[in-house]
Amino acid sequence: MQTSWAVQARVIHALMIRELITRFGRENIGFLWIMAEPLLFAGLVGLLWHFTHGATEHGVGVIAFVATGYIPITLFRHGVARSVAVFTANQSLLYHRQIKIVDFILSRFIIEVLGGMMAYLFMAVVLICFGEFPIPSDIGLLIAGWLLYAYFCFSICLIIAPLSELSEAMEKFIPVTTYIMIPFSGLFFMVSWLTPETRQFMLFSPFVNGMEMMRKGVWGNNVTAYYDIWNPLICSTIATMIGLILCRRVRRKLTVE
């Protein structure tokens with residue numbers, strides 16, 4: 001069993017290196033673009049909100065608030081985008097018995113997670129130096145929220161990847177879903193800012209629960225957060241099981257050249 005896990009770890013590591021070289025090459029800043037892309041996106045939107053909404057909103061810094069929301073949402077959007085047609089693009093590698101189709105999704109998603117984490121850390125350090133970001137009140141809660149958010153994103157990718165292979169129409173429709181889910185992501189608000197009725201509805205979203213945990217970890221008692229760790233945990237586990245079943249079904253239809 002230990003040998004099997006070691007082999008899969010080496011496979012995923014090799015796939016990650018292959019993906020990084022394919023996407024970013026060896027020139028300029030290379031693989032650091034995985035950090036730069038979400039960082040630029042969050043930074044520009046944060047500055048835009050700063051000039052349109054003012055320096056603070058509900059007692060928290062606008063730039064920091066937007067950045068803590070856009071970096072996680074970028075993880076979801078990039079993760080989904082990289083999962084579409086991932087099996088077709090890599091099916092020739094299935095000639096090697098050690099490579100499983102789930103490895104393709106996992107290797108790409110780990111790259112996105114690492115990029116998001118690097119962007120989050122770099123952004124926080126820079127903004128703290130300029131007094132625009134608080135020193136996190138609860139690092140453990142922040143990390144737990146990030147991991148639960150990432151787990152749910154990965155479980156969705158496990159479903160998206162095989163569905164994009166089963167239907168061309170689904171492949172075209174998937175990018176639209178990344179925009180539809182934004183109002184239910186907790187990006188633009190905290191649950192405590194909503195009415196009680198809307199609050200109960202939004203807490204059904206695993207994204208919102210993860211986002212609330214992260215922001216509570218950053219601002220601590222300066223904000224009121226509502227979350228339930230079991231919501232993203234249970235939803236992610238169910239979605240993962242569905243995704244693995246779909247992946248197994250797709251694997252039977254793939255031809256290895």
Side-chain angles (χ1 to χ4, degrees), residues 35 38-77 113 115-153 178-236:
M35 175 186 74
L39 191 62
L40 288 172
F41 187 67
L44 292 174
V45 176
L47 288 175
L48 178 63
W49 272 49
H50 178 77
F51 291 116
T52 57
H53 290 71
T56 62
E57 187 166 346
H58 292 271
V60 298
V62 165
I63 294 180
F65 183 79
V66 172
T68 56
Y70 262 94
I71 289 178
I73 204 69
T74 301
L75 168 65
F76 172 74
R77 293 179 62 185
V113 169
M117 291 172 63
M118 291 166 61
Y120 213 120
L121 179 61
F122 184 83
M123 171 271 301
V125 171
V126 171
L127 291 180
I128 286 173
C129 293
F130 285 95
E132 294 289 340
F133 197 94
I135 296 176
S137 174
D138 189 337
I139 295 291
L141 186 61
L142 172 60
I143 294 175
W146 173 263
L147 292 177
L148 284 176
Y149 194 99
Y151 181 28
F152 185 66
C153 291
T178 62
Y179 290 97
I180 295 177
M181 61 75 59
I182 288 178
F184 308 100
S185 66
L187 167 60
F188 300 111
F189 58 85
M190 290 201 67
V191 176
S192 59
W193 303 353
L194 307 175
T195 62
E197 295 78 12
T198 308
R199 181 185 307 156
Q200 293 300 319
F201 175 75
M202 284 298 176
L203 286 176
F204 284 114
S205 168
F207 291 116
V208 170
N209 285 274
M211 193 77 77
E212 290 282 300
M213 291 175 66
M214 285 186 276
R215 283 173 169 158
K216 181 66 174 179
V218 172
W219 280 282
N221 294 329
N222 292 325
V223 297
T224 301
Y226 294 88
Y227 58 86
D228 178 10
I229 63 172
W230 291 107
N231 175 282
L233 197 59
I234 293 174
C235 291
S236 300

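All heavy atoms count here, side chains included; hydrogens, waters and symmetry mates do not.
Atom CZ of Phe122 is surrounded by 12 or fewer heavy atoms from other residues, nucleotides or ligands within 6.0 Å. More than 12 non-hydrogen atoms from other residues, nucleotides or ligands lie less than 6.0 angstrom from CE of Met181.
Contact annotation: the side chain of Thr68 approaches that of Phe133 to within less than 4.5 Å [non-hydrogen atoms, C-beta and beyond]. Between Ile229 and Leu148 there is a side-chain heavy-atom pair separated by less than 4.5 Å. Within the 4.5 Å cutoff, the side chain of Thr195 has no heavy atoms near those of the Phe201 side chain. In this structure, the side chains of Leu75 and Trp146 come closer than 4.5 Å at one or more pairs of heavy atoms. Contact of the Val208 side chain with the Val191 side chain is registered, since non-hydrogen atoms from C-beta on lie closer than 4.5 Å. The shortest distance between side-chain heavy atoms of Phe152 and Asn209 does not fall below 4.5 Å.
Interatomic distance, Ile71 CD1 to Met118 CE, rounded to the nearest 0.5 Å: 11.5 Å. A distance of 8.5 Å separates CG in Asp228 from CG in Leu203, rounded to the nearest 0.5 Å. To the nearest 0.5 Å, the span separating CZ on Arg215 from CG on Asn222 amounts to 14.5 Å. Rounding to the nearest 0.5 Å places OG of Ser185 at 8.5 Å from OH of Tyr70. Separation of atoms CZ (Phe189) and CZ (Arg199) is listed at 11.5 Å; rounding is to 0.5 Å. Atom CE in Met190 sits 6.5 Å away from atom CZ in Phe65 (nearest 0.5 Å).
Here the closest heavy-atom approach between residue Leu141 and residue Lys216 is recorded as CD2-CG, 3.4 Å. When all heavy atoms of Ala67 and Pro72 are compared, the pair lying nearest together is O-CD, 4.2 Å. Heavy atoms only, all atoms of each residue included: Asn231 and Ser205 are closest at OD1-C, 3.7 Å. Residues Phe188 and Ile182 approach most closely at CE1-CG2, 3.4 Å, considering heavy atoms. Of all heavy-atom pairs between Val66 and Leu187, the closest is O-CD1, 4.4 Å.
Taking the six-membered ring for Trp, Phe207 and Phe184 have ring centres at least 6.0 Å apart.
Of the possible donor and acceptor atoms, none in the side chain of Ser236 sits under 3.5 Å from a partner among the backbone N and O of Leu233. Side-chain N or O atoms of Thr224 include none that pairs as donor or acceptor with a backbone N or O of Ser192 at under 3.5 Å. Glu212 contributes no side-chain N or O that, together with a main-chain N or O of Ala225, makes up a donor-acceptor pair within less than 3.5 Å.
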> Can you check side-chain contact (heavy atoms from CB on, under 4.5 Å) on Thr198 and Trp193, steps first, answer last?
Replying inline: CA-CA 10 Å; Thr198 308; Trp193 303 353; over 6 Å; no

